[in-house]
Trainee: 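Below is one structure. I have some questions about it.
Note on naming: letters A, B, ... go to the chains in the order of the sequence lines (proteins, then strands), and numbering restarts at 1 for each one.
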Amino acid sequence: MRLSRYFLPVLKETPSDATIVSHRLMLRAGMIKQEAAGIYAWLPLGFQVLKKIEQIVREEQVRAGAVELLMPTLQLADLWRESGRYDDYGQEMLRIADRKKTDLLYGPTNEEMITDIFRAYVRSYKALPLNLFHIQWKFRDEVRPRFGVMRGREFLMKDAYSFDIDEASARKAYNRMFIAYLNTFARMGLKAVPMRADTGPIGGDLSHEFIILAETGESQVFCHKDLVEMGAPGANVDWDNLQGLVDQRTGLYAATEEMHDQARFEAEVPDASRLSARGIEVGHIFYFGEKYSKPMKAVVAGPDGVEKPVHMGSYGVGVSRLIGAIIEASHDDNGIIWPDSVAPFDVQLINLKTGDAACDSACQGAYEALTKAGKAVLYDDTDDRPGAKFATADLIGTPWQLVIGPKGLAAGEVELKRRATGEKTSQSLDAALNRLTA
RNA sequence: CGGGGCGUAGCGCAGCCUGGUAGCGCAUCUGCUUUGGGAGCAGAGGGUCGCAAGUUCGAAUCUUGCCGCCCCGACCA
């Protein structure tokens, strides 16, 4: 992509509305534009990142055995009356009436609808286990949206729903999502820590929030240091037998503010290993048994022919929120530092003197070579001054900057800069291209 | 939803107290010079001062109402 033909409205000055760093940088980098409180338009650069994140989430869901579908944003209120949540959900639910005065709502979540889909087709235990997910926009009319996309009213969310014949089987479904989440966040360059979450009226031990640590996190979290560095198990695991891996990650103390027990923390975790930090919730998994299947009569016949409500769980990932979370965890004074896996472009090609025949031709060659090698290149072919180009490149956080200028070319060299470390190396253009396409 | 604050050019702000020709910086456009870390000079364009009533000869400025947005708190993917 040539920058001169792209749409990248970067801001030199910080919009006064933004207070936290991710919000500020997303606005400055031309990723989003606020349209209303907690509602954002995704500009090309932001949209690109959103799609990258979405795709990673999708791939890891599929790997864990979930099947993708897509449910609508608007739902019938009657469905929610069946579960009793239409009246319980409160002001956060955006209620709408159509021209026939039918009560609708903009979905804040999809348990009712997925249960409705399930019960319409599934009658037998033989169809289980089943895990269906979609990635769709949700709306929650938050009292106080803030922090940009970290807490918007409209947000993109991946939600998966598992269906099992009994709790033992549901636990396996839960474990698959548990591991899938670790892998998902690791692929985005994040260290996510699973923490016990409140199971509410359902009870049990099957609810975890996945928290990434960042100074500007919304809540205080406490955990054993080793948990942070434990890393993700990766794709090559026995997906039918994950209890050991899960136990390993739930064995150490980890709790958010609400669940924190200082006495237990001090008893279980040695002084030197205690970590108290701020965290951002990027995922939440939950087993809720028959909560919806029972009132909504989503039943399957077991091997004995007896019909029983299915056991369900739901598993959410805040896709749009993740962008904010990643930036909170990865930036410096100059701008965003994208992990390679989610970067909107792989390489920013900077022509220091557009119009100079040697620079133009070297850049054009590099652009074509990189593009041919499958790299997403943002070619800064504008006639801005070098300083402005460097500033823009640092701001939008492209992992690699390939800098080509007249002085370097005269010496047979170009400069390659790694955004994350700031390390710059001079080398021949060929060597730089080899490095980038290796 | 409680408390606080803001709405003036695309962005950041001054002007409001004490009513009288709407300003500054950045950005934009034109020209010239410049080109390795957000260039310089000269010129130009761009605003029903959030909306609506009211007070007044006269309202960005005073009064009232409404709308929008932000921050702190309580609450959430």
Trainee: What are the residues of residues 103-110 of chain A, sorted by number, that bring a heavy atom to within less than 4.0 Å of RNA chain B?
Mentor: none
Trainee: Suppose we call a contact any N or O donor and acceptor under 3.5 Å apart; does that hold for the side chain of A/Asp394 and the base of B/G37?
Mentor: yes
Trainee: Separation of A/Glu415 atom CD from B/G37 atom P, in whole Å?
Mentor: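 Distance, rounded to whole Å: 11 Å.
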Trainee: Output all residues satisfying side chain to side chain contact (heavy atoms under 4.5 Å, CB included) with A/Pro72, sequence neighbours left out; order by chain, then residue number.
Mentor: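 Per chain and number, A/Pro72 pairs via side chain to side chain contact (heavy atoms under 4.5 Å, CB included) with A/Met113.
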Trainee: Side chains of A/Leu416 and A/Gln401: closer than 4.5 Å at any heavy-atom pair?
Mentor: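 They are not in contact (no side-chain heavy atoms under 4.5 Å apart), so the answer is no.
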Trainee: Would you verify whether the NZ or CZ of A/Arg419 falls within 45 degrees of the ring axis of A/Trp400 while also being under 6.0 Å from that six-membered ring's centre?
Mentor: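 No, A/Arg419 and A/Trp400 do not form such a contact.
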Trainee: Given the structure, check if the side chain of A/Lys424 and the base of B/G36 hold any donor-acceptor pair shorter than 3.5 Å.
Mentor: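 Donor-acceptor pair under 3.5 Å: no.
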Trainee: Take atom CG of A/Asp384 and atom P of B/G36, then tell me their distance rounded to the nearest Å.
Mentor: 13 Å
Trainee: Ignoring hydrogens and angles, does a donor from either the side chain of A/Arg24 or the base of B/G12 sit under 3.5 Å from an acceptor on the other?
Mentor: no
Trainee: Rounded to whole Å, how long is the line connecting atom CD1 of A/Ile350 with atom P of B/U35?
Mentor: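 To the nearest whole Å, that distance equals 19 Å.
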Trainee: Grab the NZ-C1' distance between A/Lys12 and B/G10 for me, whole Å please.
Mentor: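 Nearest whole value for this atom pair: 14 Å.
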Trainee: Rounded to the nearest 0.5 Å, what separation is found between the CG atom of A/Leu429 and the CD atom of A/Glu415?
Mentor: 13.5 Å
Trainee: Give the table of side-chain donor-acceptor pairs shorter than 3.5 Å for residues 173-180 of chain A, with sequence neighbours excluded, one pair per line with atom names and distance.
Mentor:
| residue | atom | partner | partner atom | Å |
| --- | --- | --- | --- | --- |
| A/Tyr174 | OH | A/Ser207 | N | 3.0 |
| A/Tyr174 | OH | A/His208 | N | 3.0 |
| A/Tyr174 | OH | A/His208 | ND1 | 2.6 |
| A/Asn175 | ND2 | A/Gln243 | OE1 | 2.7 |

Trainee: Taking the side chain from A/Asp380 and the backbone from A/Leu3, do they hold a donor-acceptor pair closer than 3.5 Å?
Mentor: no
Trainee: Expressed in whole Å, how much space separates the P atoms belonging to B/A53 and B/C49?
Mentor: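 That atom pair is separated by 13 Å.
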Trainee: Taking ring pair (Phe, Tyr, Trp, His ring centres under 6.0 Å) as the test, write out the residues that go with A/Phe265, two or more places apart.
Mentor: A/Phe222, A/Tyr253, A/His260
Trainee: Would you say the side-chain atoms of A/Trp338 pair up with the backbone N or O of A/Ala420, donor to acceptor, closer than 3.5 Å?
Mentor: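 Absent.
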Trainee: Applying salt bridge (charged side-chain N to carboxylate O under 4.0 Å, His left out), which residue pairs with at least one partner in residues 34-52 of chain A are found, sequence neighbours left out?
Mentor: A/Lys33-A/Glu35
Trainee: Can you build the contact string for nucleotides 70-77 of chain B? Use B for base contact, S for sugar-phosphate-only contact, and - for no protein heavy atom under 4.0 Å.
Mentor: SBBBBBBB
Trainee: For B/U48, what is the paired nucleotide under Watson-Crick or G-U wobble rules, both distances under 3.5 Å?
Mentor: none
